[in-house]
Amino acid sequence: QYVRARSLTEEKPDETARLQAIAIYEKLVAKNKQDVEAWNQLALEYEAVGKRDKAAAAYRALLRVQPNNVAAQTALRRLEPPAIVPSSGR
């Protein structure tokens with residue numbers, strides 16, 4: 001199924017193909033929550049279609065399986081800017 005999902009976006013990287021690839025990756029991670037490659041590809045495809053929240057969730061799931069994955073950590077920082085802490089007014 002990886003080959004099918006990748007071929008969809010390599011042959012014709014439009015939104016329809018990306019959504020089809022997302023559906024495949026979603027099935028793969030539903031079957032195996034430990035599948036780092038599927039989580040990564042799912043996150044990348046979500047980013048490509050502008051679904052930043054879902055991409056961030058996929059990267060967080062990947063990091064639960066592989067906490068030291070630098071690429072996922074970097075992508076998550078890019079997608080989730082640091083929260084602004086209100087000043088204490090002093």
Side-chain angles (χ1 to χ4, degrees):
Q1 288 190 330
Y2 287 107
V3 174
R4 178 165 151 55
R6 283 198 179 136
S7 67
L8 285 168
T9 57
E10 287 174 1
E11 291 172 13
K12 191 176 178 188
D14 63 7
E15 187 167 348
T16 300
R18 292 193 181 283
L19 293 174
Q20 290 173 339
I22 285 170
I24 292 169
Y25 292 124
E26 285 176 339
K27 287 177 186 173
L28 288 169
V29 298
K31 288 180 186 176
N32 180 5
K33 302 282 188 218
Q34 304 297 309
D35 191 336
V36 171
E37 183 62 23
W39 282 119
N40 187 61
Q41 293 302 318
L42 180 59
L44 291 170
E45 294 301 338
Y46 276 140
E47 276 193 83
V49 296
K51 296 184 177 188
R52 294 173 58 92
D53 291 345
K54 288 191 172 201
Y59 283 125
R60 284 192 299 274
L62 185 161
L63 288 167
R64 281 192 293 275
V65 177
Q66 195 175 70
N68 296 323
N69 186 305
V70 176
Q73 292 169 353
T74 302
L76 193 55
R77 279 194 298 274
R78 183 181 69 250
L79 291 170
E80 294 182 330
I84 299 172
V85 178
S87 68
S88 61
R90 294 182 201 185

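For this chain, numbers begin at 1 and follow the sequence in order. Not measured: the values here are computed from a predicted model.
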What closest approach, in Å, do Ala55 and Ala43 show between heavy atoms, and which atom pair accounts for it?
-> CB-O, 3.5 Å

Residue of the set Arg18, Arg52, Arg78 for which side chain to side chain donor-acceptor pair (under 3.5 Å) holds with Glu47 = Arg78

Is there a side-chain contact between Lys54 and Val49 (heavy atoms, below 4.5 Å)?
-> no

Asn40 side chain near Asn69 side chain, heavy-atom distance below 4.5 Å | no

Donor-acceptor pair between Gln41 and Glu45 side chains, under 3.5 angstrom = no

Work out which heavy atom in Thr9 is nearest to a heavy atom in Ala17; give both atom names and the distance.
-> CG2-O, 4.0 Å

Scanning both residues in full, the closest heavy-atom pair of Leu79 with Ala56 reads CD1-N, 3.8 Å

Atom pair CZ (Arg64) and CH2 (Trp39), whose distance is rounded to the nearest 0.5 Å = 7.0 Å

Side-chain donor or acceptor of Gln73 paired with backbone N/O of Tyr59 under 3.5 Å | no

Evaluate the criterion side-chain contact (heavy atoms from CB on, under 4.5 Å) for residue pair Val65 and Lys33; output intermediate values, then yes/no.
-> CA-CA 8 Å; Val65 177; Lys33 302 282 188 218; 5.8 Å; no

Rounded distance [0.5 Å steps], CZ in Arg6 versus CD1 in Ile24 | 11.5 Å

Could you state the interatomic distance from CG (Leu42) to NZ (Lys27), rounded to the nearest 0.5 Å?
-> 13.0 Å

Heavy-atom closest pair (Ala5 atom, Ala21 atom, distance to 0.1 Å) is O-CB, 3.8 Å

